A.B. asks: 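Following this message is one structure expressed as structure tokens.
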Amino acid sequence: MSIKPPQPAPSWNHRPDEIGTLIKDLLAKDRSLMDKIAALPAAECDFQSVFLALSEAETDFDAVAEPLSFYQNVSADKALRDASNEAEVLVRDYGVESSMRIDVYQAKVAAEKNIKESGQWDKLSAEEKRLVERMILDGTRSGLALPEEKRNQLTALKKELSQLCLEFSKNFNEEDQRITFTAKQLEGVPKDVISGYTKRTEGSEEVYDATYKTPDIFPIFKFSKDPETRRKAFEGYESRLEVNVPILSKALGIRRQLASILGYETWADYVTEVKMIKNGKSVIDFLDDLEEKLRPVGIKDRDTLLALKKKEHEELGLPFDGEFYIWDYRYYDRKFIESSLDLDDMVVKEYFPVTVVVPTILEIYQNLLGVRFEEIDGTTWHPEVQQFSVWEKDSKDESGFIGYCYLDLYPRSGKYSHAAVWPLLPGYDRPDGKRSYPIAAMVANLAKPTPDKPALMRHDDVVTFFHEMGHVFHGLLSHTKFSRFHGTSVARDFVEAPSQMLENWCWEPKVLEKMSSHFETKKPLSPELISKLVKSRYVNVGLFYLRQVFFAKYDIQVHTSSEDQDYTALWNSLRESISLVKSGKPAPGQGTFGHITGGYDAGYYGYTYSLVFAADMYATVFKADPLDSSRGKRYREKILVPGGSREELDSLKDFLGREPNSKAFLNELFGSQQSASL
């Protein structure tokens, strides 16, 4: 029997013309609340009147603003996307203005003083104390202890930076270019992929138009036999967002100014102060240490692939100049896996129909974490979106309700072009003592069905889906008092660790067998295919991780340098020296580096840094039995439930039973017990 959730699902029927009105009303209401708090006499400032009031205001604000600004990433209606984007411009501007209110900051300072002097501090819970500390820190990091002239300068710069980041992101979502090839140029690319391209006649020749979306362009990188096709595809892909180059340059200049005014040597030092790693130098040391360990492995990988290229070029009568180009990497990586392991990515893909994989992954998570998904009808932002209510596994009444989840899995024009999770609403305790429940949306771009085959997922897509669902569950199963600590509101260099740990399930034989079913025969992957797939995980691992180190080093270099530079030249030269692949025509790839304006500025290192924690968590707790629900319960209680309500290191120590270390990560990569700088 179906139980009625205690909180109705949101409706997604906003019109473009009402979004602006809703946002303006919201800003006016919040400004009035801030005015009220700021007007309190110092003697009346305490935990309830200031910190609790601010927390409730923040929560109410996000509950309206987040869903409205989400439309720009998913709506099929351009007018609605534009209205959503314009609303976010207003929200971000207001966020800057609000964060710079010295009168509200003074109320916080007075409240903290009164709390400590009255003895109330000792009566606060650990999470309440953390709320006070973080809210005071918000003010000092915003520069509210600085003189008025500098505060005004900060406000103007922050508003400009916010708009630049928004523009960068909008260009990303709206990019809808095509690249054209003949059938001959596409030789090697699977027929079912080509059948998804737009076919037309140009002169007397039939040609195919591919988008730069992942399901269209990546098969060209991996399968096109013609190196010229791969080069053209790659250079087009890298240059598709050249429009973002001046935007990024401007944003980096503003960040340098902000860091200087706030008294930090670099933007990286400012950003990392509140992360696990603590400063920019530690990031550089971590990446240098990792690059040094990976380089010899990467050189060996490249030499192996270069030999494969030389052999193929000789067989096909193609010229060979002794170089290994960036557009060669995915192609020869695949060829090497196929030849050394007799493993064909396109054969593996036939075992992963979306209609089987998605429900099976949901089932694995449900059993592991003790929850139940129920698909429900209701309004969503697009007919393809699935909506679920989420419950405790054995719940008999509304007390077992957890929240809502949306899956928006297929590409369409104007939609966010990668895979990500939006925590649309956090969970928190309401002032009346009842619970407000979280909502998470997963947005992906899986391949659609073709005339010949159903929608199929490459194994990479399966890993990505499993990873992103990890973020969904972090957002659903966290249980904190205050919304600002809910779910993935943890240090940015830890936030990926839970999901990265969960990727390991996609390499476990019994899990692979469970979630595979050939689209024709319905048989699971054979033990032989599973064995080959598992062996492929660390093939060319040196080149793979050096690519990650390149992104992280580019990010940290542009955020630690003291002056403007040619960021396109830096992108290409750093990639050649770190990734060990040759570039062709210097392409403005930094225009496609969405992380750098999307919240991961001076933070891309976090993907690799958090892998250290992910490997440790998996090896220590889950490896022995990854589907064991008692281990899942431990993970849920120690990592997911606390969210950001305590230090991440405390959650890790609680889960592991000791301090984390890098042994498992290095053992995974190199099969040895080296130790890295952490």
Side-chain angles (χ1 to χ4, degrees), residues 160-177 179 212-214 217-218 221 231-259 266-268 270-272 280 283-284 287 291 325-327 329-330 416-418 420 492 544-608:
E160 191 180 353
L161 177 63
S162 172
Q163 300 320 312
L164 289 167
C165 291
L166 205 51
E167 196 183 339
F168 192 104
S169 156
K170 185 178 184 183
N171 289 337
F172 224 107
N173 288 349
E174 297 293 331
E175 185 278 313
D176 198 25
Q177 298 164 63
I179 186 163
Y212 287 120
K213 307 290 185 224
T214 308
I217 200 76
F218 273 56
F221 300 153
R231 181 193 62 75
K232 182 183 163 188
F234 184 80
E235 288 178 355
Y237 184 69
E238 279 276 286
S239 306
R240 74 193 189 279
L241 284 161
E242 191 163 6
V243 62
N244 278 340
V245 167
I247 297 172
L248 180 61
S249 297
K250 213 167 175 185
L252 293 172
I254 291 173
R255 285 174 181 158
R256 276 194 296 276
Q257 286 176 266
L258 287 169
T266 69
W267 182 255
Y270 170 72
V271 168
T272 52
V283 175
I284 292 165
L287 293 171
E291 185 186 357
Y325 293 97
I326 184 150
W327 52 84
Y329 169 63
R330 288 183 193 275
Y416 177 78
S417 59
H418 291 286
R492 266 284 163 96
F544 176 84
Y545 279 108
L546 282 171
R547 180 173 174 269
Q548 292 299 103
V549 170
F550 152 65
F551 288 131
K553 281 205 162 187
Y554 183 84
D555 170 41
I556 205 69
Q557 198 154 318
V558 299
H559 287 116
T560 50
S561 68
S562 55
E563 55 194 34
D564 203 17
Q565 57 190 300
D566 182 338
Y567 295 116
T568 300
L570 180 69
W571 178 267
N572 289 277
S573 63
L574 262 189
R575 179 161 57 200
E576 285 205 359
S577 66
I578 297 170
S579 305
L580 306 175
V581 289
K582 192 91 176 142
S583 297
K585 181 182 76 180
Q590 75 275 21
T592 70
F593 196 12
H595 295 80
I596 215 162
T597 57
Y600 278 84
D601 42 302
Y604 196 90
Y605 76 90
Y607 280 104
T608 317

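All of these numbers come straight from a predicted model, not from anything done at the bench.
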A.B. asks: Within the 4.5 Å heavy-atom criterion, are Asn171 and Ile247 side-chain neighbours or not?
C.D. replies: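 Touching, per the 4.5 Å side-chain cut-off.
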A.B. asks: Could you work out, with ring pair (Phe, Tyr, Trp, His ring centres under 6.0 Å) as the rule, every residue matching Tyr325, not counting sequence neighbours?
C.D. replies: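 Only Trp327 meet the ring pair (Phe, Tyr, Trp, His ring centres under 6.0 Å) criterion with Tyr325.
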A.B. asks: Salt bridge or not between Lys250 and Glu167? Use side-chain N to carboxylate O under 4.0 Å.
C.D. replies: no
A.B. asks: Under the side-chain hydrogen bond (donor to acceptor under 3.5 Å, both in side chains) rule, collect the residues that match up with Thr568, sequence neighbours excluded.
C.D. replies: Gln590
A.B. asks: Under the salt bridge (Lys or Arg N to Asp or Glu O under 4.0 Å) rule, collect the residues that match up with Arg231, sequence neighbours excluded.
C.D. replies: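 Arg231 satisfies salt bridge (Lys or Arg N to Asp or Glu O under 4.0 Å) with Glu228, Glu235 once adjacent residues are dropped.
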A.B. asks: Would you say the side chain of Val558 lies within less than 4.5 Å of the side chain of Tyr567, judging by non-hydrogen atoms?
C.D. replies: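 Yes - at least one pair of side-chain heavy atoms lies under 4.5 Å apart.
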A.B. asks: Taking the side chain as everything from C-beta on, heavy atoms only, tell me whether Ile556 gets closer than 4.5 Å to Ile284.
C.D. replies: yes
A.B. asks: Donor-acceptor pair, Arg492 side chain versus Gly599 backbone, under 3.5 Å?
C.D. replies: yes
A.B. asks: I'd like to check the salt bridge (Lys or Arg N to Asp or Glu O under 4.0 Å) partners of Arg256; sequence neighbours left out, ordered by chain and number.
C.D. replies: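 Testing Arg256 for salt bridge (Lys or Arg N to Asp or Glu O under 4.0 Å), a comparison that skips the adjacent residues, returns Asp564.
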A.B. asks: Which residues satisfy the side-chain hydrogen bond (donor to acceptor under 3.5 Å, both in side chains) test with Glu175, sequence neighbours excluded?
C.D. replies: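 Testing Glu175 for side-chain hydrogen bond (donor to acceptor under 3.5 Å, both in side chains), a comparison that skips the adjacent residues, returns none.
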A.B. asks: For Glu576, which residues count as a salt bridge (Lys or Arg N to Asp or Glu O under 4.0 Å) partner, sequence neighbours excluded?
C.D. replies: Lys582
A.B. asks: Looking at residues at least two apart in the chain, or sitting in another chain, which of them share a salt bridge (Lys or Arg N to Asp or Glu O under 4.0 Å) with Asp566?
C.D. replies: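 Asp566 satisfies salt bridge (Lys or Arg N to Asp or Glu O under 4.0 Å) with no other residue.
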A.B. asks: Is Asn173 close to Lys170 at the side-chain level, that is, under 4.5 Å between some pair of heavy atoms?
C.D. replies: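 They are not in contact (no side-chain heavy atoms under 4.5 Å apart), so the answer is no.
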A.B. asks: Once ring pair (Phe, Tyr, Trp, His ring centres under 6.0 Å) is applied, do any residues pair with Tyr604, and if so which ones, sequence neighbours excluded?
C.D. replies: Phe551, Phe593, His595, Tyr607
A.B. asks: Here's one to test your reading of the geometry: is the NZ or CZ of Arg240 within 45 degrees of the ring axis of Tyr237 and under 6.0 Å from its centre?
C.D. replies: yes
A.B. asks: Considering residues at least two apart in sequence or located in another chain, which fulfil the side-chain contact (heavy atoms from CB on, under 4.5 Å) criterion with Ser162?
C.D. replies: Arg92
A.B. asks: Sequence neighbours excluded, which residues qualify as ring pair (Phe, Tyr, Trp, His ring centres under 6.0 Å) partners of Tyr416?
C.D. replies: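 Checked Tyr416 against ring pair (Phe, Tyr, Trp, His ring centres under 6.0 Å); matches are Trp422.
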A.B. asks: Taking only residues two or more places apart in sequence, or in another chain, which ones meet Tyr600 in a side-chain hydrogen bond (donor to acceptor under 3.5 Å, both in side chains)?
C.D. replies: Glu496
A.B. asks: Partners of Glu174 by side-chain hydrogen bond (donor to acceptor under 3.5 Å, both in side chains), sequence neighbours excluded?
C.D. replies: Arg81
